[in-house]
Each structure stands twice: as structure tokens, then as C-alpha cells.
Amino acid sequence: MVTDGPGVFRLINMNSVTKTYQGKNGPFNAVDKVSLKVEENEIFGLIGESGAGKSTLLRFINALESPTEGYVSVDDTDVFNLSRKQLRQHQKGIGMIFQQFNLLNNKSVRENIQLPLELHKYEKPLTVEEVLAFVGLPDKADNYPSQLSGGEKQRVGIARALITRPKILLCDEPTSALDESTTEEIVDVLKRAHEAFDMTILVVTHELNVIKRMCRRCAVLEKGRLIDIIDIAPKTRKQSYKSYHDRVLKVLKNG
Amino acid sequence: MVDAVREYIVRVIEFWPALFESLWETGIMMGFAMIAAILLGLPLGTLLYLTAKGKPMENIYIYQLSNFFVNIVRSFPFLLLVVAMQPFIRAVYGRATGDPVAASFPMMLIAIALYARFVQQSLLDVPRGVTETAHSMGASRLQLVWKFLFVESRSSLIIGFTTAFVSFISYSTIMGVVGGGGIGDFAIRYGYQRYETDIMYTAIIVIIIIVQIIQWLGLKLAKKVDKR
């Protein structure tokens, strides 16, 4: 176990990970020798412009992408040294939400949320009703995704991730397809989830406000390289507006 | 006019047993073709999708082999496929001509190849995020196919099957050449060889009605299961 003094447990450990693609002008590194440690129970941000390699880095953790070089461990498990069955067990404990929500459109909200439970046996999963109530959609169980707004779809995505009580939640641009006030709602749901269900959250985004509101630490990536790890100043409680109209007035009129 | 209609009806009644028998023969061939399409065409198309470059079970050898099989069968002029398969059918089934079961062998082969291609196309239309989500949840390959890919492509799979079915009917009309019978054979024997044009048109109209009904049913079902 990798520990740094009492009480600090390094849950995710990346050591000099590199992902090389063969491009037209020779090989290039989408991720370039990045080393990173994420502590248990923190909300950690990965920020950078598009193409900076942040989504690729996030996907190393649940092996959706594999590095060309380097080492990734989660909970002392070497992620890229597992049999297929062990890898599935590893992925079982990690939830993920996506920019485009990735709900199955031919399944109802209920069926979508139950999907992870159909794939594996979980010891103490939540129920569909519990997670739907938690994300604030208690009456949408029998709807289909096509009947939901973007923000509602992402709430279902979060509910689907939470039902298994994952120890790690990966968020890939969770609010980038959403407008500003919906973004705030989703950020709130994620923060509440962090408080309620003891877990580590990693957030990839290019939206600095999302990072500022959620994270205590974040890594800055540029062209595949890790530029800096920032300790984020304690948040100043952002004013919430009654309506979209109020916000427009505030921003456009009072600058 | 009234006399002409009365005469036509009498002739249809006279030919009815023969027409019914050829419909039954067509039904046998179609039945074998459809079963083969589902039991073997569906898995083959899925394999084509899964083993392609960049897909979850990437395997160039299996992909190329399956692809080669589908291309060969589909590029074979059907009449020549029927003739070329004669020795094989005789070896397997005992006789190669004169009954609709023997005639079903080439039908099954084309059904597998044709529907496999449709299935591959349907699966390629499933958004990439679906596979990614399955992977992130640690789904096995079987779960990926059953619980994700087939769910999201089901209406397209049904439409593909409907289209394939209509093609099978067209293929089945050739089988008279090897004594397989069927509605196409009926039309040729009576209409073309005996100049009983009215009976031939009757057979053609029956074929058109069957195709229309199947097409309508297929689209209706596809629409019903499509929640996207």
C-alpha cells in the first residue's frame, strides 16, 4: 500500500504514462510521460484544452484506453496486468458518466439504470427508486431517454453510475453538452453524491467554473504533458439565480 | 365482361390446388432460408462487426475469412450457385432435385450471407458510445452483444430481415430449374410454357401481395420496438 503519512491513501497512481499514436507526420504523444496520484475520497480535476489528452488519461483508469508506456494502478492493482476476468472485476467497481450521456435509447430510464446490475452481482446496490430520488427524477422511471432533456439524461447517467455504489466515479466532460444553469444542477448532484456515498471522483472538463466549484486539486494538461497541479482556493459560494432570466439580467446588465 | 370474370374465377378455382401446392413449396424454402438467416446469418454478421479493425474482438483472420465467404456467396450468380451446389446437396441430402427441401440448400446459403451483411450494417450504425459504455461497465462480449448492441439496433435488424425476406422470395422463384417447385415455378409452367397468361398474372399478384404484407408487418414491428 502506498501511503504518505497517516490517513492519506493514494488510491490512483499513474507513473510516467505515455500514449503514442502513429499520425501522418510520424508518431505523436496524446499523453506524454504523465505521473499523477489521486487520493482516496477526493474530487480531482483534469483540465486542458481539447486535444490535451485529459480524456485519454481518464480512460486509463478503467482501461477504456491503454497506455503505450507507463504504469497505472488503482488500489494497488496494476490495471494493465489483469486477465480479462480480473479486468471486468476492476471495471465493475468504477462508475463513469459521459459528455453525450451514452444512455441506451431503446431502454427505459429504469432499464438503463438497472443495466449495471444485470452485468455483475453487487453486494449492496441501491435501488432504482433511491437513485432516481437522489438525482431528482423520482417520476421518470418509465420514460425513454428521447423524452428527456439533456440535463435529465445526465441525471439518469449519474443514477446509472451510482446504483452500484462505485468507489471511483469518472466524469468525462459531464456538463459540456449542457447549458449554464443545467451545468450547475449537475455539479450540485455530483457534489451531493460525493458527500453521500464515500467515493473518489475524477472530473475531466475544459470548464474552469465546474472545476472551481467541485475540486480541491486539479491537474493542468497541455499537449499531452502535465503542466501543473493546482490547489484550488476555497470556493466562494456562487450566487444562485432564480431563473435563467435572472442570470441573463445579472450577467448582461450588471456585468 | 361478366362472363369473362366468371370464366376467370372458374379457372382460378380449377388451378387452386396447384397454386396452393406451389405456395406451400415456397413456404418450405422460405422457412429454411429464414431459420438459416437467424441461426447462422445473425451470428456471422455479428462476428463480422466484432472482428473488424478497431472493434472489441479485432481479428484479421476471422474477419477476412467471414468477409470472403459472404462476398463469394453474394457475388455468385444465383442460378449458377444452385447448379454448382448440386453435388454437395446430393452428398448431404441424398437427392439434389425434385423437392423443395433439396432446393432449400442454396436458399439457406444466400440467406446466411445476405442477412449477415445486413446485420453488420445495422451494428455499424450503433453509436460508438454504446460499446464504450458496455466496456466501462465491464460487460463480457456476450453481454455487449445481447444487452447493448442488439438492443440498440433491433429495429434496424428487423428492417434488414424484412428486406432479406423479400429477396429470398425472388431467389426462390428460380428453384423450378432444379424441380424445387414454388410459386415462381408455377408462374413459369402455366403462364410461360402453356400460355395461360391469366393464371401467371394471378401467381404474380399473389407474390406481390405476400411481399406487401411482409414489408408492412416488418416496418410496423420495427417502428413499435424503436424508442429512439
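Proteins come first, then strands; the chains are lettered A, B, ... in the order of their sequence lines, and each starts at number 1. Worth saying up front: this structure is predicted, and the values here are computed from it rather than measured.
With a threshold of 4.5 angstrom between heavy atoms, A/Pro116 approaches chain B through its backbone and through its side chain. Interface residue A/Ile94: only backbone heavy atoms are found under 4.5 Å from chain B. Interface remark: A/Ala63 contributes backbone atoms only to the contact with chain B (heavy atom separation under 4.5 Å). With a 4.5 angstrom heavy-atom cutoff, B/Ser140 touches chain A via backbone and side-chain atoms both. Only the side chain of B/Gln143 comes within contact range of chain A, with heavy atoms under 4.5 Å apart. Contacts between B/Val126 and chain A at a heavy-atom distance below 4.5 Å are absent for every atom of the residue.
By number of non-hydrogen pairs under 4.5 angstrom with chain B, the leading residue of A/Leu103, A/Leu64, A/Leu170 is A/Leu64. Of the residues considered (A/Leu87, A/Asn62, A/Asn105), A/Asn105 shows the highest number of contacts with chain B, using heavy-atom pairs under 4.5 Å. Listed options A/Lys92, A/His90, A/Glu118 were ranked by heavy-atom pairs under 4.5 angstrom with chain B; first place goes to A/Glu118.
Residues A/Arg160 and A/Asn102 bring no donor and acceptor atom of their side chains to less than 3.5 Å of each other. A donor-acceptor contact under 3.5 angstrom links the side chains of A/His206 and A/Glu173, judged on distance only. No side-chain donor-acceptor contact under 3.5 Å links B/Asp125 and B/Ser122.
For A/Lys107 and B/Glu152, the salt-bridge test fails: no basic side-chain N is under 4.0 Å from an acidic carboxylate O.
For B/Tyr115 and B/Phe161, the ring centers are positioned less than 6.0 Å apart.
Between B/Phe78 and B/Tyr171, the two ring planes are tilted [angle within 30° to 60°]. Aromatic ring pairs are classed by plane angle as parallel below 30°, tilted from 30° to 60° and perpendicular above 60°; the pair B/Phe105 and B/Tyr93 is tilted.
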